[in-house]
Enquirer: 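Sending over a structure as structure tokens; questions will come in a sec.
The structure displayed is predicted, hence computed values, not measured ones. All values below were derived from every heavy atom in this structure, side-chain atoms included, with hydrogens, water molecules and symmetry-related copies excluded. Numbers restart at 1 for each chain; the letters A, B, ... are given by sequence-line order, proteins then strands.
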Amino acid sequence: AQRVTQPEKLLSVFKGAPVELKCNYSYSGSPELFWYVQYSRQRLQLLLRHISRESIKGFTADLNKGETSFHLKKPFAQEEDSAMYYCALSGPSNDYKLSFGAGTTVTVRA
Amino acid sequence: DVKVTQSSRYLVKRTGEKVFLECVQDMDHENMFWYRQDPGLGLRLIYFSYDVKMKEKGDIPEGYSVSREKKERFSLILESASTNQTSMYLCASSLETGDYGYTFGSGTRLTVV
């Protein structure tokens, strides 16, 4: 069965400091991994996906198949990065659904 | 922009009531999903639908059912509400198979008393 683990429920960093949100997964095939974000009073939205290999709002995430990880990183956190972040995993190509982790709440302090 | 609209932002229902949560999307998306969002548990999939009148169980379907009579509307039904179904319910849609860029609704906070 596929599973996504986000070991940190809460993460607090100072503005300008690096931030890293951990995500580990268990899946026997070739997964697709995603990060979703929910800002205060806003809808959950896609932040980035590993296949696009892009940087969004300064965030990057690298899929490490050896360590089955997909950690989200930003070198210099900003106050507007304060949000709930979810790591998500897709299943087989004929599967329609995403499995989400428990989420990490990030607070960036001034 | 695709919009996913959930009919109620807040609902309070009594134990044993039958509860309907409605979700409508306006961009002809094939797939629709119902998740519940609980602190410390993240998002858990209740049911999803990949076509009109088609439905599939997610990870926690017990106590719930769904209906998709029209492509744009996906309803979640709590047959007999219980206090452990107090939660935030999120509806989402995606264009087609393999599209994991879900569009989420703003959620319905359901309290069962």
Enquirer: From B:F104 CZ over to A:Y36 OH, what is the distance, rounded to the nearest 0.5 angstrom?
Expert: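 One finds 5.5 Å between CZ of B:F104 and OH of A:Y36.
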Enquirer: Tell me, yes or no, whether the heavy-atom count around B:K71 atom NZ, taken from other residues, nucleotides or ligands under 6.0 Å, exceeds 12.
Expert: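 More than 12 heavy atoms, drawn from other residues, nucleotides or ligands, come within 6.0 Å of this atom.
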Enquirer: Heavy-atom distances under 4.5 Å only: say whether B:D38 touches chain A with side chain, backbone, both or neither.
Expert: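 For B:D38, no heavy atom lies under 4.5 Å from chain A.
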Enquirer: Honestly curious: do A:L11 and A:L48 fall in one hydrophobic cluster under the side-chain, below-4.5 Å linking rule?
Expert: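 Same cluster: A:L11 reaches A:L48 through Ile, Leu, Val, Met, Phe, Trp or Tyr contacts under 4.5 Å.
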Enquirer: Please flag which part of B:L45 lies under 4.5 Å from any non-hydrogen atom of chain A: side chain, backbone, both or neither.
Expert: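 The side chain, not the backbone.
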Enquirer: Among the clusters formed by ILVMFWY side chains lying less than 4.5 Å apart, do A:L44 and B:L110 turn up in the same one?
Expert: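 As far as the 4.5 Å side-chain criterion goes, B:L110 and A:L44 are not connected within one cluster.
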Enquirer: For A:E32, is it the side chain, the backbone, both or neither that has a heavy atom under 4.5 Å from a heavy atom of chain B?
Expert: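 For A:E32, the contact with chain B is made by the side chain alone.
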Enquirer: Hey, what else clusters with B:V52 if you join Ile, Leu, Val, Met, Phe, Trp, Tyr whenever side-chain heavy atoms sit under 4.5 Å?
Expert: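 Result for B:V52 is none, singleton.
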Enquirer: What part of A:Q38 lies closer than 4.5 angstrom to a heavy atom of chain B: side chain, backbone, both or neither?
Expert: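 The side chain, not the backbone.
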Enquirer: For A:R43 and B:V4, indicate whether the former's side chain and the latter's backbone hold a donor-acceptor pair under 3.5 Å.
Expert: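 Yes: the side chain of A:R43 pairs with the backbone of B:V4.
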Enquirer: Hey, does A:L98 have a side-chain heavy atom less than 4.5 Å from the side chain of B:Y35?
Expert: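 A side-chain contact exists here, since the closest heavy-atom pair is under 4.5 Å.
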Enquirer: Under 4.5 Å between side-chain heavy atoms, hopping through other hydrophobics if needed: is there a path connecting A:Y39 to A:V13?
Expert: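 Yes, A:Y39 and A:V13 fall within the same hydrophobic cluster.
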Enquirer: Specify the closest pair of heavy atoms between A:S90 and B:Y100, including all atoms of both residues, with the distance to one decimal.
Expert: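 Heavy atoms only, the tightest pair is CB-CZ, 3.5 Å.
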Enquirer: Within a strict 4.5 Å, meaning less than it, do heavy atoms of the B:Y102 and A:K97 side chains meet?
Expert: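 They are in side-chain contact.
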Enquirer: Where does A:R41 contact chain B at under 4.5 Å (heavy atoms): side chain, backbone, both or neither?
Expert: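 Contact with chain B: none, neither part.
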Enquirer: What part of B:Q37 lies closer than 4.5 angstrom to a heavy atom of chain A: side chain, backbone, both or neither?
Expert: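 Answer is side chain: those atoms of B:Q37 sit under 4.5 Å from chain A.
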Enquirer: Closest approach of B:G40 and A:A102, non-hydrogen atoms and distance?
Expert: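 Shortest heavy-atom contact: O-CB, 3.5 Å.
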Enquirer: Does a sphere of radius 6.0 Å around CD in A:E67 hold more than 12 heavy atoms from other residues, nucleotides or ligands, not counting ones at 6.0 Å or beyond?
Expert: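 Counting neighbours around CD of A:E67, 12 or fewer heavy atoms of other residues, nucleotides or ligands fall under 6.0 Å, so no.
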Enquirer: Heavy atom to heavy atom, less than 4.5 Å: which residues from residues 5-17 of chain B reach chain A?
Expert: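 From residues 5-17 of chain B, none sit under 4.5 Å of chain A.
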